[in-house]
Amino acid sequence: MTDDTLPEPDRIEGAPHPRETALLFGQAKAEADFLDAFQSGRMHSGWLITGPRGVGKATLAWKIATFLLADEGVGLFGNPSLYVDPEHPDARLVHSGAHPRLSVIRRPWDEKTKKLRSEITVDAVRTLKTFFQMSSADGGRRVVIVDAADELNRNAANAILKELEEPPANTVIMLIAHQPSRLLPTIRSRCRELRCSSLNASDLQQALEQSGHAADNAESLAALAGGSAGDAIRLLNHDGLQLYGELVKLFEGMPRIDRPAALKLADSCTGRAADVRFGMTLDLIDLFLSRAARAGLMGEPKAQGAMGEARLLTRISPDDRMARKWAQLQQDLSNRSRYGRAVNLDPAALILDIIFKIEETALGVAAA
């Protein structure tokens with residue numbers, strides 16, 4: 001593969017890349033916090049952009065990068081804004097992914113396995129040395145985006161820390177993090193945080209429309225996506241709403257679960273072509289257990305992810321005692337799922353094992 005055809009780990013299938021996204025929805029506070037620091041002269045060299053996955057963190061980072069690289073004082077007067085004319089020379093270079101003063105650190109391509117690596121390696125971070133040397137002749141501001149910092153391995157994290165401790169002059173380093181608690185405390189302490197929040201229903205709808213997606217069942221999509229446009233697009237791309245409906249139907253028989261239906265679901269997750277469905281099934285089971293735990297604490301959900309879900313959740317999780325049981329099961333099965341993926345357990349066997357653990361918990365409650 002050439003550099004132009006390599007898959008981009010920071011691109012969501014079926015959506016424009018963050019550098020190509022025209023409008024950012026729902027993150028006005030994070031945008032305003034950055035502009036306030038910029039206008040007051042309290043600019044940090046390190047920025048940590050945090051929040052749930054798929055809510056616009058990367059889009060915000062690319063808009064800040066374009067704003068800084070254009071360096072024409074946009075937003076200094078009148079209404080503060082990160083807006084830069086798309087025809088601006090720097091904006092066009094950023095959009096094409098070819099700006100000489102912008103470096104993006106992300107999971108590299110492995111030529112041996114012909115896959116993206118599962119983590120950001122120290123070699124990927126070391127490319128910054130060359131970037132800083134080559135870009136220094138330009139004399140303008142330089143920007144680095146790390147997407148996502150959660151994926152830095154230990155050596156790579158230490159290498160980034162060194163750059164944050166002694167950043168080159170006129171350089172801004174932005175780290176995107178879905179789970180900032182996983183980062184080295186010293187990395188977090190060297191950065192100013194910009195917190196991005198989950199999208200409300202209106203912002204989610206606008207973000208989906210901008211990406212060219214429309215949902216027939218907006219209520220279910222909003223319930224399952226949890227304010228994440230990225231998760232909503234993944235659900236739409238891979239029939240996630242239908243799959244969640246199948247899971248709800250399967251669990252409606254609890255405390256007993258229909259064995260043939262469970263086997264059919266597990267078999268649908270086998271084979272190379274079913275890799276995406278396998279991952280989606282594990283993620284949606286985890287989501288179901290999370291919603292069951294929440295129902296025990298907060299009552300019937302206001303919006304349901306599939307027909308009959310609200311009634312099922314209130315039946316199997318009527319109080320805080322059951323909420324704790326489902327929450328503990330979610331944690332246990334999440335660990336089991338993570339281990340199973342790591343050691344390449346048979347997908348059907350892993351799915352069945354998880355389903356029967358859910359049945360075991362339901363039977364234990366029924367017998368109590």
Side-chain angles (χ1 to χ4, degrees), residues 1-21 53-54 57-59 61-62 94-100 102-131 134 144-160 175-179 182 211-212 228 230-231 233-240 243 266-284 286 334 336-351:
M1 288 188 175
T2 65
D3 289 344
D4 292 337
T5 59
L6 289 175
E8 296 179 287
D10 51 352
R11 179 189 290 271
I12 296 174
E13 180 186 351
H17 188 276
R19 68 172 175 269
E20 304 162 348
T21 303
R53 189 182 297 271
K57 299 188 299 298
T59 299
W62 282 88
V94 171
H95 186 273
S96 66
H99 201 292
L102 172 63
S103 178
V104 184
I105 304 300
R106 49 193 177 184
R107 289 184 288 127
W109 179 257
D110 190 328
E111 283 294 342
K112 292 182 179 179
T113 63
K114 302 300 180 183
K115 293 181 179 180
L116 288 166
R117 291 183 179 271
S118 60
E119 58 188 13
I120 297 176
T121 62
V122 68
D123 287 340
V125 178
R126 284 173 178 160
T127 62
L128 287 178
K129 298 295 183 185
T130 303
F131 166 69
M134 294 182 65
V144 176
I145 297 175
V146 181
D147 190 1
D150 316 66
E151 297 166 346
L152 292 163
N153 66 23
R154 178 168 291 278
N155 289 336
N158 285 326
I160 281 290
L175 284 70
I176 297 167
H178 314 303
Q179 296 177 293
R182 296 178 57 184
S211 298
S228 166
D231 284 351
I233 291 171
R234 291 186 185 94
L235 287 166
L236 291 172
N237 284 344
H238 303 297
D239 296 323
L243 177 55
D267 286 342
S268 73
C269 296
T270 60
R272 184 176 297 275
D275 281 351
V276 173
R277 181 175 174 86
F278 172 51
M280 179 73 73
T281 300
L282 291 175
D283 291 342
L284 289 178
D286 184 78
S334 177
R336 186 182 295 261
S337 170
R338 193 177 303 111
Y339 172 78
R341 287 179 174 182
V343 300
N344 295 317
L345 286 181
D346 174 65
L350 181 59
I351 294 292

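This one's a predicted model, so the numbers in the text were calculated from it and none came from an experiment. Note: hydrogens, waters and symmetry copies are ignored here, and every other heavy atom, side chains too, is used.
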ask   = Who passes side-chain contact (heavy atoms from CB on, under 4.5 Å) against Ala266, sequence neighbours left out?
value = Ala348, Ile351, Leu352

message = Pro18: which residues meet the side-chain contact (heavy atoms from CB on, under 4.5 Å) condition with it, sequence neighbours left out?
response = Ala58, Thr59, Trp62

query = Sequence neighbours excluded, which residues qualify as salt bridge (Lys or Arg N to Asp or Glu O under 4.0 Å) partners of Lys129?
reply = Glu163

inquiry  = Test of understanding: with side-chain hydrogen bond (donor to acceptor under 3.5 Å, both in side chains), list the residues that count as partners of Ser103, not counting sequence neighbours.
reply    = none

key: Those residues that, when tested against Asp275, pass side-chain contact (heavy atoms from CB on, under 4.5 Å) (two or more places apart)   = Arg272

message = Would you say that Ser268 contacts Arg277 through its side chain, given a criterion of any heavy-atom pair below 4.5 Å between the two side chains?
response = yes

note = The side-chain hydrogen bond (donor to acceptor under 3.5 Å, both in side chains) partners of His95 (sequence neighbours excluded) come to none

request  = With rounding to the nearest 0.5 Å, note down the distance linking CG in Asp231 to CG in Asp283.
outcome  = 8.5 Å

key: Where at least one partner belongs to residues 10-19, residue pairs that pass salt bridge (charged side-chain N to carboxylate O under 4.0 Å, His left out), sequence neighbours excluded   = Glu8-Arg11, Glu8-Arg19, Asp10-Arg106, Arg11-Glu20

task = Check whether any side-chain heavy atom of Val122 lies under 4.5 Å from a side-chain heavy atom of Asn158, and answer yes or no.
result = no

key: Distance in Å, Met280 CE paired with His238 NE2, rounded so as to fall on 0.5 Å steps   = 5.5 Å

ask   = Taking atom CD of Glu119 and atom CG of Asn153, what is their separation to the nearest 0.5 Å?
value = 4.0 Å

request  = Check salt bridge (Lys or Arg N to Asp or Glu O under 4.0 Å) between Asp150 and all other residues, then give those that pass, not counting sequence neighbours.
outcome  = none

query = What pairs with Ser334 under side-chain hydrogen bond (donor to acceptor under 3.5 Å, both in side chains), at least two apart in sequence or on another chain?
reply = Arg338

note = Taken in chain and number order and not counting sequence neighbours, the residues that satisfy side-chain contact (heavy atoms from CB on, under 4.5 Å) with Arg117 are Pro108, Asp110, Thr121

message = Could you work out, with side-chain hydrogen bond (donor to acceptor under 3.5 Å, both in side chains) as the rule, every residue matching Asp239, not counting sequence neighbours?
response = none

query = Listed by chain and number, what are the salt bridge (Lys or Arg N to Asp or Glu O under 4.0 Å) partners of Arg182, not counting sequence neighbours?
reply = none

key: CH2-NZ distance between Trp109 and Lys115, expressed to the nearest 0.5 angstrom   = 9.5 Å

note = In short, Leu152 meets Ala157 closest at the heavy-atom pair CB-N, 4.0 Å

request  = Would you please test Leu284 and Leu235 for side-chain contact (heavy atoms from CB on, under 4.5 Å) and show each step?
outcome  = CA-CA 10 Å; Leu284 289 178; Leu235 287 166; 3.9 Å; yes

message = If you apply the rule side-chain contact (heavy atoms from CB on, under 4.5 Å), what do you find for Ser211 with Ile233, and how did you get there?
response = CA-CA 9 Å; Ser211 298; Ile233 291 171; 3.8 Å; yes

ask   = Run the side-chain contact (heavy atoms from CB on, under 4.5 Å) check on Val125 and Asn155 step by step: do they pass?
value = CA-CA 9 Å; Val125 178; Asn155 289 336; over 6 Å; no

inquiry  = Quick check for you: to the nearest 0.5 Å, what is the distance between Asn237 atom CG and Ile12 atom CD1?
reply    = 9.0 Å

remark   = CD1 of Ile105 to CG of Asp147, rounded to nearest 0.5 Å, is 11.0 Å

